[in-house]
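Along the sequence shown, residues carry numbers from 1.
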Amino acid sequence: MGSSIGLFSKLKAPGWVAAARDGQSFLITDTGNNRVIEITGGQVSWKNEGLNLPRSATYAPNGNILIADTGNRRVIEVDRQGQIFWSFAREMLAPVHAVRQDDGSTIITDAGYGRVIMVDASGNPFWHFDGGVSDGAPPE
């Protein structure tokens with residue numbers, strides 16, 4: 001695939017790949033080039049540049065893209081025009097992965113502080129797990 005579309009010569013430290021539910025496209029987090037690209041039909045169909053060491057990108061249920069922008073210590077959700085639709089940047093050191101749940105909450109892995117946190121759709125944290133005394137179950 002790399003030789004047919006020339007991606008591998010242009011990627012720098014890719015850190016993540018996520019497939020769309022329809023199987024027709026996928027996201028690549030091109031960490032070293034500070035961007036996320038989407039591939040559809042073997043071609044770049046979308047990109048978001050100007051990030052700072054993004055580590056993961058996943059599809060949100062609404063079709064937007066959820067990005068762990070690690071170097072900027074934030075998680076952002078961007079629409080297809082690249083506009084920030086949602087963001088969370090409170091008390092994180094190195095967010096490396098984020099996934100949106102069907103209920104609108106977001107689960108974030110913050111490798112810098114060694115924890116996983118959950119925030120609601122408004123960006124309010126309501127649960128975390130750091131390996132301490134928590135039983136690991138989010139509140140009902």
If a pair satisfies salt bridge (charged side-chain N to carboxylate O under 4.0 Å, His left out) and one of its residues is in residues 79-101, list it, with sequence neighbours excluded.
->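 Only Glu38-Arg80, Glu77-Arg100 qualify under salt bridge (charged side-chain N to carboxylate O under 4.0 Å, His left out).
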Salt bridge (charged side-chain N to carboxylate O under 4.0 Å, His left out): pairs with one or both residues in residues 106-117, sequence neighbours excluded |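 Salt bridge (charged side-chain N to carboxylate O under 4.0 Å, His left out) check on residues 106-117 returns Asp110-Arg115.
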Are [Y] and [X] co-members of a hydrophobic cluster defined by side-chain heavy atoms under 4.5 Å apart?
{"X": "Ile67", "Y": "Trp16", "result": "no"}
{"X": "Val99", "Y": "Phe129", "result": "yes"}
{"X": "Ile84", "Y": "Phe88", "result": "no"}

Between [Y] and [X], is there a side-chain heavy-atom distance shorter than 4.5 Å?
{"X": "Met118", "Y": "Asn124", "result": "no"}
{"X": "Phe85", "Y": "Ile76", "result": "no"}
{"X": "Pro125", "Y": "Ile117", "result": "no"}
{"X": "Tyr59", "Y": "Leu27", "result": "yes"}
{"X": "Val36", "Y": "Ile28", "result": "no"}
{"X": "Val75", "Y": "Leu66", "result": "yes"}
{"X": "Trp46", "Y": "Val78", "result": "yes"}

Say whether, by atom type as modelled, one donor and one acceptor occur between the side chain of Asn72 and the main chain of Arg74 under 3.5 angstrom.
->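 Checking the backbone N and O of Arg74 against the side chain of Asn72, no donor-acceptor pair under 3.5 Å is found.
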Any donor-acceptor pair under 3.5 Å from Thr40 side chain to Ser45 backbone |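 Side chain of Thr40 to backbone of Ser45, a donor-acceptor pair under 3.5 Å: no, none is there.
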Let me see the working for Val44 and Ile39 under side-chain contact (heavy atoms from CB on, under 4.5 Å), right down to the final yes or no.
-> CA-CA 5 Å; Val44 175; Ile39 306 299; 3.8 Å; yes
Looking at Leu93 and Pro95, what are the two nearest heavy atoms and their distance?
->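 Heavy-atom minimum between the residues: C-CD, 3.9 Å.
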Using the side-chain contact (heavy atoms from CB on, under 4.5 Å) rule, take Thr106 and Trp86 through it: C-alpha gap first, then chi angles, then the decisive distance, then the call.
-> CA-CA 11 Å; Thr106 303; Trp86 179 90; 3.8 Å; yes
Euclidean distance, Arg35 CZ relative to Thr31 OG1, rounded to 0.5 Å |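 Atom-to-atom, Thr31:OG1 and Arg35:CZ are 11.0 Å apart.
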Hey, could you give me the OG1/CE distance between Thr109 and Met92, rounded to the nearest 0.5 Å?
->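 It comes to 10.5 Å.
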Check the pair Ile107, Val116 against side-chain contact (heavy atoms from CB on, under 4.5 Å), reporting the backbone distance first and the verdict last.
-> CA-CA 7 Å; Ile107 304 170; Val116 174; 3.6 Å; yes
Sequence neighbours left out, cut at 3.5 Å: what donor-acceptor pairs do the side chains of residues 47-57 make with other protein atoms?
| residue | atom | partner | partner atom | Å |
| --- | --- | --- | --- | --- |
| Asn52 | ND2 | Gly71 | O | 3.3 |
| Ser56 | OG | Val96 | O | 3.3 |
| Ser56 | OG | His97 | ND1 | 3.3 |

Distance-only polar pair, side chains of Asp103 and Ser105, donor-acceptor under 3.5 Å =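 There is such a pair between these side chains.
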